[in-house]
Undergrad: 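The structure's right below; bear with me while I get my questions together.
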Amino acid sequence: MAEHTVTDAEVAAYLAEHPDFFEQHPDLLADMQLPHDSGNAISLVERQVAVLRERNMDMRHRLSKLLDNARDNDKLFDKTKRLVLAVLEGRKAEDTVNTLYYSFEKDFQIHFTRLVLFRPIPGKLGQARCVTLTDAKTPLAKFLKSQKAMCGQLGNEEKAYIFGEQAPLVGSAAVVPLIHGTCFGLLAVGNRDANYYRSSMGTLFLGYIAEILNRTLPYQLER
């Protein structure tokens, strides 16, 4: 069966029979062009309609962006909640460390994660690296002095000490000290993009995770 093409006359006849059509579908008016015969000049009504249409489109874009941000925030909240609950359920420091690495890699898609703990005896604790504070004082001096989260491009010595053999792949990083009375370690995340972690970038998320570790790891390390 051939498709029927609606003619202008049919549309006109339908609108004549349904004069309240645009009252029932007001959104259609925002996308319609209704020129006025005003010669070469643009009528005030046309200009007002054009401005309103532009504002309408801008508001739609803003609303769409707000909805996208809300969805992203919901996903971030769910991932963070899973991580926090898993850390709180951990019995041993090694469990907490491995949970952190797994979550950062699988849930948050972080390229490089490093947890450096200051311990009397160097070695490994799960995937974390244990070093003496004396050994770390020179390469990590900037972080130990400030005791604040920092973002940006690291110096070669800092990057090599924190990220080891993967240091050449790290373009930028965010580093936050872990503090419980005194500094007992560093949590660092890295990205291949040199501009991903910028010096002006907020460190709210990383600082929040560090606060969780500050309240769990020290007690687990004492067991």
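Computation of the quantities below employed the complete heavy-atom set of this structure, encompassing side-chain atoms and omitting hydrogens, waters and symmetry-equivalent molecules.
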Undergrad: Is there a continuous path of hydrophobic side-chain contacts, each under 4.5 Å between heavy atoms, that joins L115 to L221?
TA: yes
Undergrad: If you define the side chain from C-beta out and look only at heavy atoms, does anything of T80 sit under 4.5 Å from I209?
TA: yes
Undergrad: First locate atom CE of M150, then atom NZ of K142, and finally report the distance between them rounded to the nearest 0.5 Å.
TA: 6.0 Å
Undergrad: Side chains of V176 and T203, heavy atoms from C-beta outward: is any pair under 4.5 Å?
TA: no
Undergrad: Count the heavy atoms of every other residue, nucleotide or ligand shown that sit under 6.0 Å from CG of N156, and state whether that count exceeds 12.
TA: no
Undergrad: Transitively linked via ILVMFWY side-chain contacts under 4.5 Å: L213 with F112?
TA: no
Undergrad: How about CD1 on I121, more than 12 heavy atoms from neighbouring residues, nucleotides or ligands closer than 6.0 Å, or not?
TA: no
Undergrad: Can you name the closest pair of heavy atoms from Q220 and A93 and give their distance?
TA: OE1-CA, 3.4 Å
Undergrad: Any link between V116 and L178 through a network of hydrophobic side chains (Ile, Leu, Val, Met, Phe, Trp, Tyr) touching at under 4.5 Å?
TA: no
Undergrad: Kindly indicate whether the side chain of F143, heavy atoms from C-beta on, has any atom under 4.5 Å from the side chain of I162.
TA: yes
Undergrad: Is the ring pair F205/F108 parallel, tilted or perpendicular, if the boundaries are 30 and 60 degrees?
TA: tilted
Undergrad: Look at the side-chain heavy atoms of Ile, Leu, Val, Met, Phe, Trp and Tyr, link any pair under 4.5 Å apart, and say whether L133 and V175 land in one connected group.
TA: yes
Undergrad: So, does N214 use its side chain to make a donor-acceptor pair with the main chain of A210 at under 3.5 Å?
TA: yes
Undergrad: For the residue pair C130 and L125, what are the closest heavy atoms and their distance?
TA: SG-CB, 3.8 Å
Undergrad: If you measure from CG on D135 to CZ on R119, what distance do you get to the nearest 0.5 Å?
TA: 15.5 Å
Undergrad: Is L186 close to L140 at the side-chain level, that is, under 4.5 Å between some pair of heavy atoms?
TA: yes
Undergrad: For R114 and Y101, run side chain to side chain contact (heavy atoms under 4.5 Å, CB included): C-alpha distance rounded to whole Å, both residues' side-chain angles, the deciding distance at 0.1 Å, then the answer.
TA: CA-CA 8 Å; R114 289 295 183 275; Y101 270 75; 4.3 Å; yes
Undergrad: So do S172 and N195 actually touch side chain to side chain, heavy atoms under 4.5 Å?
TA: no
Undergrad: Do Y197 and V170 touch side chain to side chain, with heavy atoms closer than 4.5 Å?
TA: no
Undergrad: Nearest 0.5 angstrom please: T113 OG1 to Q166 CD, how far?
TA: 9.5 Å
Undergrad: Look up atom CG in L187 and atom CG in L206, then write down how far apart they are to the nearest 0.5 Å.
TA: 5.0 Å
Undergrad: Listed by chain and number, what are the salt bridge (charged side-chain N to carboxylate O under 4.0 Å, His left out) partners of D78, not counting sequence neighbours?
TA: none
Undergrad: With side chains defined as the heavy atoms from C-beta onward, is the minimum distance between T182 and F118 less than 4.5 Å?
TA: no
Undergrad: Other residues, nucleotides and ligands only: do more than 12 of their heavy atoms fall within 6.0 Å of CZ on R91?
TA: no
Undergrad: How long is the straight-line distance from NZ of K124 back to CD of E94, given to the nearest 0.5 Å?
TA: 10.5 Å
Undergrad: Give the minimum heavy-atom separation between E157 and T138, together with the two atoms involved.
TA: OE2-CG2, 4.1 Å
Undergrad: For E105, give me all partners under side-chain hydrogen bond (donor to acceptor under 3.5 Å, both in side chains), at least two apart in sequence or on another chain.
TA: none
Undergrad: Might you point out which heavy atoms bring R129 and V131 nearest each other, and give the distance in Å?
TA: NE-CG1, 3.4 Å
Undergrad: Which distance, rounded to the nearest 0.5 Å, do you find between the CZ of R62 and the CZ of R55?
TA: 11.0 Å
Undergrad: So which heavy atom on C183 is nearest to which on P177, and how close?
TA: SG-CB, 4.0 Å
Undergrad: Can you confirm whether Y102 sits close enough to Q127 that some side-chain heavy atom of one is under 4.5 Å from a side-chain heavy atom of the other?
TA: no
Undergrad: Between L217 and L117, which heavy-atom pair has the shortest distance, and what is it?
TA: CD1-CD2, 4.3 Å
Undergrad: Do other residues, nucleotides or ligands put more than 12 heavy atoms under 6.0 Å from D8 CG?
TA: no
Undergrad: Identify whether I179 and V97 are in the same connected component of the hydrophobic contact network (ILVMFWY, side-chain heavy atoms under 4.5 Å).
TA: no
Undergrad: I'd like to check the side-chain contact (heavy atoms from CB on, under 4.5 Å) partners of L88; sequence neighbours left out, ordered by chain and number.
TA: V84, T216
